[in-house]
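Residue numbers begin at 1 in each chain, while the letters A, B, ... track the order of the sequences.
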Amino acid sequence: MSGIYEALAKIVGEKYVSNRMEEKYFYSRDQGLTEPCKPDYIVLPKTVDEVQAIVKLACKEKIPIVVRGAGLALTGLVRPLKGGIVLDLKRMDKILEVNEKSRYAIIEAGVTTGKLKAYLEHYHPSLRFSIPDAPPSATVAGNVVIHGQGRLTQQYGFNSDMVCGLEVVLPCGDVCRIGSCSISPYWFSKGPPLPDLSGLFLGWFGTTGIITKIGIKLYPNKKIRDVEIFVTDDENLVPDIIARITYTEIVEDVNVWTQPYPLIYRGIHHITAYVTGDSEEEIEFKKKMVIDSVRDYIKRKEGGFIFLTPDIKPVLLEMPQSSLTRFADVKRGGGFQYAGPIIPIEKYPEAYRRMVEVAEKYKTTWAIASRVIGRGHCMMFGFSFPFSRIDPSDMERVKKALHECDLIALELGGVPWKAEIPAQQEILKRMDQNTRKLIGQIKKLLDPYGIMNPGNWEVD
Amino acid sequence: MCFIFRLSFDADTCLACPSFDCLVKCQYLDLGFAEARREIRKIISGEDSPVLHSCKTCYACEEYCRYGNHPFYLIVERQEEKQILPAPRPIIKRWIQTGELTGKEPEIKPVKEPVISLCFFPQLVPLIQGKLFEGLSIICGRHVFCNVVYLHFGKPSVIKERVPVIIENIVKYGVKELICFHDECYGLFKSLAPAYGIKVPFKPIHLFEYLYNKLREYEKMIKPLNFKVAYQRNCSTRLTPDKEHFVDDIFELIGVKRVERKYDRENALCCAGIIKELGYPELSEELQRKNVEDMKKADAEYVVFNCPACYFTLAEKVKRLGMKPILMSELCKLAIGEKPVLF
C-alpha cells in the first residue's frame, strides 16, 4: 500500500490525512466495549469530490474504507475491522438549505445534531427536527444511518423515516441522488412516488455507500413544551398504558424508564409523556387528554401522576437530556453501554423481567430507558449497564450481559438495534434465508470488492 | 415496634363535640353537622366512611378540632387499618422507598449546639448562612428525615416504625434543642410524636420562633421592607397552629404587610402538590390556580413560603403571575440587608 498516504494527502491536503499513532489509537475504538481495531489511515475530506476521489482510490487499491460521524454508536460500528481508511466526515458540516414551507433541511453528512439545533433555533425558530438523546456532537447522518430515534419518534417513527433525500457516493465512486432530489431541486421525499432506494443505504452502517448529503424533515416547533410522568409498579400494565397514551395522538414523545437506584425509583416504571403547544390552553387541553387516557388506572390505584418540581422539569425537558450521561460514570470508571433492541411493545414486561435477571446474574447495576416508536408500533428497549474502565473483569461481565440481552431480545421477537458484530451474526442466523441472500446480493452488487466497512452485515 | 405506639384519641370528647368542625369545616367534603356527626361516629367505631376515601390529607382538621383530639391522625389510622389507599399504590411505594433507611448507618458524632435540622432537603444547605444562621451546626439527610409525609398516604405505621430511629439519631448528635427548618419536623416533635406517646428527649424550636428571636437581636439592622406579601401556609402548620402568630410577628418586625385574602389563615389552601399525587391532577391544578390568583388579586408582591416543598410546587406559578416567591428565612435576610438565596 505504498504511496497511499501521499495519494490521500494529494486529495485532501497534508493537514487532513494521518497515519500517526495517536490518531490511529483514537480512531480504533468507540466508547463502548468492543475491541479496538487500528486503521492504517485517517482522512478528513471537505467536499463530495474529495470523498469520490478517496473512494475511487480505495476501490482501485482494494483498501477497506470505514465512514465515521461522531463514532458514538457504542457498538463498535465504525471500527476498521480490517484496517484501511477511516473517513471522518466532520469537516463536511455545512447546512445547505432550509425550506421553511416544505419543512426540510439539506445538510452535509458531518453536521452535528447540536449544530442543526442551534442553527434552527437562531434562523428558523418555528422549525425543529427529531433530536436524539445522544451528545450534541452526534451527527444527523450517523444517527439516521443506524436508524436512531429522537424526540419526535413517537409521532413520526424512526429518525430514518424522517429522511427526505440522500446524496451518496457509491463504492465505485459514482455520486448518486436518492429520492425527489434525483429529478428535482426539491428534497421533499426520499422515495415515493419513485422506487424507494433509500433503503439501500439506511441501516447498512456504511457497507453500501457513503452518505454525503441528507435531506431531513423538519416539524413545527411549538412555543411551549411540558411533561408529565405517570408511574406504575406493575410492569404488566406498561403496554396498555402506552397504548392509551399514544391513542390520544397528541403527545410528542413517550419514554419508559426505571432503575434500582436511587431507592425512590426501585420497582417503579415511569412513563414520561411530553406535550407541546403554542398556548397554556393548548398544553392544558393536551395534558387533560393524557390524564383522561389513564384515569381508570388512577381510580384502581394502580398508577398515578407524580408531582414534578421545577428543578426536575428542566432536566426532563432538556434536549438532548444530558442527565443520562451521569449514569455513564456511576461506577466512577467512566463507561456504559446499552442493549437497545427494538421490541414489540407487548413484550416490555417480559423484557424487563428477563433483563433484570441478566443484571443479577452478572452482578451489575442497570437502568432502563425506553422510547416508544411510532404511535405505539414498537419500542426501543434501552437496557444500560455502567462499567469501570479500570476493571477488565467488570467490562467482560457487562459485555457478556449485553450479548445475553441481545439474545433475549431476539427470543422475544425483537431485533437488536445498531447491532455489533456478534449480534449482527445472530440476526443473520435467524433471518429468512432469502432475505439474507438478498442482503448478500445487494452488497455484492454495490460493493463487489467488499471494501465498505467490511465485517459488518457479512452474509457469508 | 410500631404497635407499641397507640394514638391518644378520646372518643367521648369527640362524640360530645358541639360542632364537628373537623368535618364540617373541611374544604373538600360537603358535610353538614348531622352528616359530620354520623361519619365521625362511623370512623370512631371502625366502620367504613366516605371520609376515609375522600380525604385530601390537607391536615386542616387537626387545627379545626378545638380539643386537640387528633381527628386527622384517627382518619389516617383507619385508612391503614382498612387498607384504604389515599393514593395510587406505586405513588405510595415510591414515597416509602424515598425515606427507607437502608445500607450503611451514618456515622453520627456530637455536634456543637445550636443545631438546625434541614430534614431531608440537602438543597437548603446554602441557605444556612449570614448573621441569622451564624454558628449553627447543620444536620440533614435521610437519617433525620421526619417521615411525617406518610400521613398523606395512610401509612402511620411507617412513621411509627421510623421515628424512634430518627429521634435516636438526633440524640446521638448530642442535641438538647433542635431548630427545625422544616415545619413538618416541628409538627412531628410537638404534635405527632406526643399524640402517639413517642418520647422526644430534646426541645424542638420552630424556625419562625428562632428567626423572630434572631431578628430581635439584630433589630437595629432591620430596614422595613415595605412589601405587600401573601403567606402560603403549608399542611403541617395545621399540626401546630400555636406557632402561626410568629408569621405576623416577623412581618411586623421587618415591615411587610400581609395582604388580606380569601385563602389565608384558617381558610388557607395547601400547595396541592400532594393532591396531584393522590390521583386528583385536575383538582390540584384548580387549587393552585385559585390560590395564586387570590394572592395576585390581593396585590401581593412577594409570596412567602414556610415549607420548601410548597415553594418548589408553587414558585413557577407565582412567578408567572408576576409575583416573587421567597422562603421566610430569605425574606428575613433581606430585611437585615443580606442577599437572599433564591432557587
Partners passing ring-ring contact (aromatic ring centres under 6.0 Å, His included) against B:Tyr59 (at least two apart in sequence or in another chain): B:Phe72, B:His152
For chain B, which residues of residues 267-301 of chain A have heavy atoms nearer than 4.5 angstrom: A:Gly267, A:Ile268, A:His270, A:Glu280, A:Glu284, A:Lys288, A:Ile291, A:Asp292, A:Arg295, A:Ile298, A:Lys301
Close contacts, residues 338-365 of chain A versus chain B, judged by heavy atoms under 4.5 Å: none
Other residues, nucleotides, ligands: >12 heavy atoms within 6.0 Å of A:Ile390 CD1: no
More than 12 heavy atoms from other groups under 6.0 Å of NZ on A:Lys222: yes
Segment of B:Thr102 engaging chain A (4.5 angstrom heavy-atom cut-off): side chain
Chain A contact via B:Ala87 - side chain, backbone, both or neither, heavy atoms under 4.5 Å: backbone
By salt bridge (Lys or Arg N to Asp or Glu O under 4.0 Å) - contacts of B:Glu316 (at least two apart): B:Lys319
Main-chain N/O of A:Leu263 paired to B:Glu100 side chain as donor or acceptor, under 3.5 Å: no
Nearest-0.5 Å distance, [atom1] of residue [X] to [atom2] of residue [Y]:
| X | Y | atom1 | atom2 | value |
| --- | --- | --- | --- | --- |
| B:Ile91 | A:Thr232 | CD1 | OG1 | 10.0 Å |
| B:Leu278 | A:Phe305 | CG | CZ | 14.5 Å |
| A:Ile264 | B:Arg94 | CD1 | CZ | 4.0 Å |
| A:Phe307 | B:Ser284 | CZ | OG | 7.0 Å |
| B:Tyr311 | A:Thr309 | OH | OG1 | 12.0 Å |

Contact check, side chains of B:Arg89 and A:Asp234, non-hydrogen atoms, under 4.5 Å: yes
Heavy-atom pair of closest approach, residues B:Pro90 and A:Gly303: CG-CA, 3.7 Å
